[in-house]
Amino acid sequence: MTDDLDPRDSPRVDPVVDPVVDPVGDPVGDPAPPLPTDPADVALLGLIDRLAALLDRSELTELEVQMGGTGLVLRKPVPVEAPTVGAAPGAAVTAGAGPGTAEAGASGGGSSAATARPSVKAPLTGIWYGSPTPGSSAYVIEGGEVAVGQVIGLIEAMKLFNEIKSDLAGRVVKIRAESGKLIKAKQPLIEVDPL
């Protein structure tokens, strides 16, 4: 009589996989998820693995890929710094008796004066270009003025040129990015003294 049963009529029963447990009885880890069988999924996961390997071998900290309506951002892990115990750096400067002490405190830090100046930062990683075409005049020059929303340069990322606009207004004190060189996201492009 068992010959009359069609295997398609009975519900499919997957074998039960018991999780690995430690001697106390707590689960050690979840069983591995099933591997994809769809060729498109396998190809996508292979591409992600290759991009992750490329990111590991490079000096980049972030890699962003967008195709159609799908985007992927891969980031290297960033170590978390423990908070320092003690007074804030600004507290030591404001505690001084006069303007001479404040300047001495600011210049004593070395790079603190350079980082205290407001700067326009790169919104993405790519190749920086300070002018629209090679040989043409730069979008901004040191000593010149820049307005909010003014184009200050181009970043080429994934064969696309992205106009980078200033989010600060003022006088350009220093251009930090070198044309034709790789810049990273959040790297200062220009330093600005507000007007």
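Small disclaimer: the values here were computed from a predicted structure and weren't measured.
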### Task
Given side chain to side chain contact (heavy atoms under 4.5 Å, CB included), test Val148 with Asp167 step by step and report yes or no.
CA-CA 5 Å; Val148 174; Asp167 55 353; 5.6 Å; no
### Query
Which atom names give the shortest non-hydrogen contact between Glu156 and Lys159, and what distance separates them?
OE2-CA, 4.1 Å
#### Entry: Selection residues 38-67 - residue pairs positive for ring-ring contact (aromatic ring centres under 6.0 Å, His included), sequence neighbours left out
none
### Query
What distance do Ile190 atom CD1 and Lys121 atom NZ have between them, rounded to the nearest 0.5 Å?
11.0 Å
### Query
Same cluster for Leu182 and Leu74 if Ile/Leu/Val/Met/Phe/Trp/Tyr side chains link at under 4.5 Å?
yes
### Query
Out of curiosity, Leu189 CG to Ser166 OG, how far, rounded to the nearest 0.5 Å?
10.0 Å
### Task
List the atom of Pro132, the atom of Ser137, and the distance in Å for their closest heavy-atom pair.
CD-O, 3.6 Å
### Task
May I ask whether Met158 and Leu63 are part of the same hydrophobic cluster, defined by side-chain heavy atoms of I, L, V, M, F, W, Y residues being less than 4.5 angstrom apart, directly or through others?
yes
### Message
With side chain to side chain contact (heavy atoms under 4.5 Å, CB included) as the criterion, how do Leu195 and Glu145 come out once you've worked through the C-alpha distance, each side chain's angles and the decisive distance to 0.1 Å?
### Response
CA-CA 9 Å; Leu195 294 178; Glu145 290 186 7; 3.8 Å; yes
### Task
Return yes if some donor-acceptor pair links the side-chain N/O of Ser119 with the main-chain N/O of Pro188 below 3.5 Å, else return no.
no
### Query
Do other residues, nucleotides or ligands put more than 12 heavy atoms under 6.0 Å from the NZ atom of Lys174?
no
### Task
Locate the shortest heavy-atom distance separating Leu168 from Pro118; write the atom from each residue and the value.
CD1-CB, 3.8 Å
### Query
Got a second to check how far Ile175's CD1 is from Ile152's CD1, nearest 0.5 Å?
9.0 Å
### Query
If you group Ile, Leu, Val, Met, Phe, Trp and Tyr by side-chain heavy-atom gaps below 4.5 Å, do Val146 and Leu154 land in one group?
no
### Query
Do you know the tightest heavy-atom contact between Ser131 and Ala138?
CB-CA, 3.9 Å
#### Entry: Pairs touching residues 62-71 that satisfy salt bridge (Lys or Arg N to Asp or Glu O under 4.0 Å), sequence neighbours left out
Glu62-Arg75
### Value rounded to 0.5 Å, distance of CG in Leu51 from CG in Asp56
11.0 Å
### Separation of Ile155 CD1 from Ile164 CD1 (nearest 0.5 Å)
3.5 Å
## Note on the structure
Of all heavy-atom pairs linking Ala177 and Ile183, the shortest is CB-CG2, 4.0 Å
#### Entry: In one Ile/Leu/Val/Met/Phe/Trp/Tyr side-chain cluster, 4.5 Å: Tyr139, Ile127
yes
### Message
Measuring from atom CG of Asn162 to atom CG of Leu124, what distance do you get when rounded to the nearest 0.5 angstrom?
### Response
5.5 Å
### Task
For Thr125 and Ala185, indicate whether the former's side chain and the latter's backbone hold a donor-acceptor pair under 3.5 Å.
yes
### Heavy atoms of other groups near Leu47 CG, more than 12 under 6.0 Å
yes
### Task
Taking all heavy atoms of Lys165 and all of Val120, pick out the closest pair and write down the distance.
O-CG1, 4.3 Å
### Carboxylate-amine/guanidinium proximity below 4.0 Å for Glu191 and Arg176
yes
